[in-house]
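This structure is a prediction, so every number in the text was calculated from the model and none was measured.
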Amino acid sequence: MTGLDPDNWDDLRRLGHRMIDDMVDRLATLRDGPVWRPMPAAVRAALHEPLPTGPTAPEKLYEHFRERIVPYATGNTHPGFMGWVHGGGTGVGMLAELLAGGLNANCGGRDHAPVEIERAVIGWAARIMGFPDETTGLLVTGSSMANMIAVVTASRAVPDGLALRREGVGGRRLVGYAAATAHGCIARAFDLTGLGTDALRVLPVDADHRMDLAALRAAIAADRAAGLEPFIVIGTAGTVDTGAIDDLDGIADIAAREGLWFHVDGAFGALAMLSPALRSSLRGLERADSLAFDFHKWAQVPYDAGCILVRTPGRQAAAFAQSLAYLSREDRGLAGNAPWFCDLGPDLSRGFRALKVWMTLGTYGTDRMGLMVDECCAVAGHLARRVDAEPLLERLAPVGLNIVCFRVRVPGVDLDWLNGELVKDLHESGAAAPSTTTVAGVRAIRAAIVNHRTVAADADAMIDALLRLLAERLEAVAG
């Protein structure tokens with residue numbers, strides 16, 4: 001019999017020590033390199049080697065990793081990365097991934113410590129968000145999956161909703177509500193769960209990019225009059241474009257009055273609950289029936305680590321649990337410790353995501369994490385003031401949390417084209433990596449301050465580089 005353990009464990013130990021040293025050195029010297037760099041065609045081609053049929057020394061594979069992968073990563077660990085609301089990770093989280101990989105635990109269920117750690121983390125999450133102690137939940141890939149689980153759970157919570165598990169959703173005319181600023185994964189959840197995107201009513205927003213509550217009330221009334229069945233309203237805590245927070249308390253009032261499930265997509269914004277200074281802006285979040293958010297964003301846990309919380313015990317299990325002989329629960333032994341996490345979502349095979357969350361929160365504590373959130377928002381405020389002070393720059397939206405949307409404004413130029421090109425120039429320069437979005441029909445440069453390493457000087461460096469690149473473009477056009 002041929003196993004897969006090494007012939008010499010000391011060789012593996014030495015390689016492991018080298019890997020850890022190299023990755024710690026990388027984290028310690030991030031500022032010395034570019035945020036991102038384009039991948040040369042030769043390197044890209046080298047990553048697509050033929051399927052290996054024979055062995056390769058792990059030392060050689062590690063060299064390939066160092067030469068072909070590390071230099072061309074996304075860059076979100078770098079303090080100059082300000083795009084797409086990606087967290088920066090931590091060294092502790094990196095080491096937790098190593099430990100979790102060593103245990104190789106399946107957290108779909110059964111009686112073992114990794115399951116208890118996930119239960120503990122869900123309990124911590126509930127306390128952070130102001131949910132009751134009996135809240136259920138689980139860790140998932142991200143808010144896209146968490147939002148989908150919420151939509152499924154809410155649809156099964158309607159009268160006779162459990163029949164939908166047998167009969168499908170085609171016999172019910174269920175409809176839900178979200179603002180035009182809601183993340184695209186909300187519509188996708190309606191699509192993939194069989195409700196259909198037409199069942200999601202997309203509502204207008206006010207001048208602050210928040211859901212129009214009068215439009216919500218009118219849409220619910222119109223749908224009821226048409227014989228449809230409203231079942232869920234989805235508020236957003238931290239919209240993907242501008243970081244706006246819907247009036248969650250107002251939505252909660254309407255949902256309670258209308259008998260609707262109130263869900264909050266708090267992918268990154270919900271973690272502002274860590275900050276005593278910002279918590280009041282999320283008033284009403286604690287009233288939600290369910291909440292989706294990501295630990296891998298503002299909590300700086302390594303990807304991936306999303307979370308779904310459901311206020312009322314039994315709702316998730318009613319939507320997802322199965323009774324199968326090969327998953328029978330026992331009163332003792334390894335098959336004990338019910339209920340299992342596979343009863344609360346679609347996945348039976350589930351990795352030990354909870355360890356990196358547990359170690360990150362345990363290492364830093366919620367007080368320090370809250371200060372980090374405040375510091376990110378302070379950097380965003382500094383960036384907004386810098387934008388406002390520059391004659392060639394124009395801010396396009398209020399800064400509610402940590403996202404600044406602005407553009408370069410030069411007379412006589414196609415501004416949508418120019419701003420898009422300048423962002424690509426910034427990326428390729430290695431100086432900074434913001435993203436783009438559209439605000440009120442206008443192409444915007446979007447800087448999301450989520451990385452705990454980003455400071456005011458990094459925001460200034462991005463603006464300085466942007467203005468330098470703009471001058472180079474204008475000079476080229478003039479010449």
Side-chain angles (χ1 to χ4, degrees), residues 4-6 11-104 141-142 144 294-297 299-306 351-353 355-357 359-360 423-435 448 450-454 458:
L4 299 178
D5 284 336
D11 289 344
L12 182 64
R13 190 191 315 276
R14 280 189 289 271
L15 178 61
H17 288 171
R18 181 185 172 199
M19 290 174 172
I20 292 174
D21 287 343
D22 286 350
M23 295 309 288
V24 170
D25 286 345
R26 176 181 174 275
L27 291 176
T29 59
L30 283 169
R31 289 184 179 276
D32 298 339
V35 180
W36 177 85
R37 68 186 78 188
M39 186 184 301
V43 174
R44 192 181 303 273
L47 293 175
H48 296 272
E49 296 178 332
L51 175 68
T53 58
T56 302
E59 291 82 2
K60 184 175 181 180
L61 294 173
Y62 179 56
E63 287 305 316
H64 291 338
F65 170 80
R66 294 179 69 241
E67 296 168 2
R68 302 174 182 175
I69 298 175
V70 172
Y72 308 105
T74 309
N76 53 298
T77 55
H78 195 288
F81 188 95
M82 303 176 197
W84 300 285
V85 196
H86 289 189
T90 67
V92 166
M94 177 186 73
L95 295 176
E97 287 278 66
L98 172 67
L99 298 177
L103 288 182
N104 194 30
T141 51
S144 292
D294 291 322
F295 281 111
H296 57 229
K297 291 189 170 76
Q300 312 297 332
V301 172
Y303 279 86
D304 51 31
F352 191 10
R353 291 188 182 96
L355 185 63
K356 56 192 175 185
V357 181
M359 288 194 70
T360 300
V423 167
K424 289 182 278 188
D425 291 344
L426 270 175
H427 292 175
E428 292 181 348
S429 75
S435 58
V450 186
N451 191 333
H452 62 97
R453 302 180 180 96
T454 304
D458 298 306

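The number of heavy-atom neighbours closer than 6.0 Å to CZ of Arg31, taken from other residues, nucleotides and ligands shown, is above 12.
Partners of Phe81 according to the ring-ring contact (aromatic ring centres under 6.0 Å, His included) rule, which considers only residues two or more places apart in sequence or in another chain, are His86.
Residues Pro71 and Arg66 fail the side-chain proximity criterion, which asks for heavy atoms closer than 4.5 Å.
A donor-acceptor pair is defined here as one N or O able to donate and one able to accept, closer than 3.5 Å; no such pair exists between the side chain of Thr77 and the backbone of Gly88. With hydrogens and angles ignored, the 3.5 Å screen pairs a side-chain donor or acceptor of Ser429 with a backbone N or O of Ala431. Looking at Asp294, its side chain never comes within 3.5 Å of a backbone N or O of His296 through a donor-acceptor pair.
To the nearest 0.5 Å, atom CG of residue Leu12 and atom CD of residue Glu59 are 8.5 Å apart. Atom CZ of residue Arg453 and atom CG of residue Leu27 lie 5.5 Å apart, to the nearest 0.5 angstrom. Atom CD of residue Glu97 and atom CG of residue Leu99 lie 10.0 Å apart, to the nearest 0.5 angstrom.
With hydrogens and angles left out, the side-chain atoms of Asp22 and Tyr62 include a donor and acceptor closer than 3.5 Å.
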Give the C-alpha distance, both sets of side-chain angles, the deciding distance and a yes or no for salt bridge (Lys or Arg N to Asp or Glu O under 4.0 Å) between Arg18 and Asp21.
CA-CA 5 Å; Arg18 181 185 172 199; Asp21 287 343; over 6 Å; no
For the pair Ile20 and Leu98, evaluate side chain to side chain contact (heavy atoms under 4.5 Å, CB included) and give the outcome as yes or no after the intermediate values.
CA-CA 10 Å; Ile20 292 174; Leu98 172 67; 3.8 Å; yes
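Taking each heavy atom of Met94 and Pro302 in turn, the nearest pair found is N-CG, 3.9 Å.
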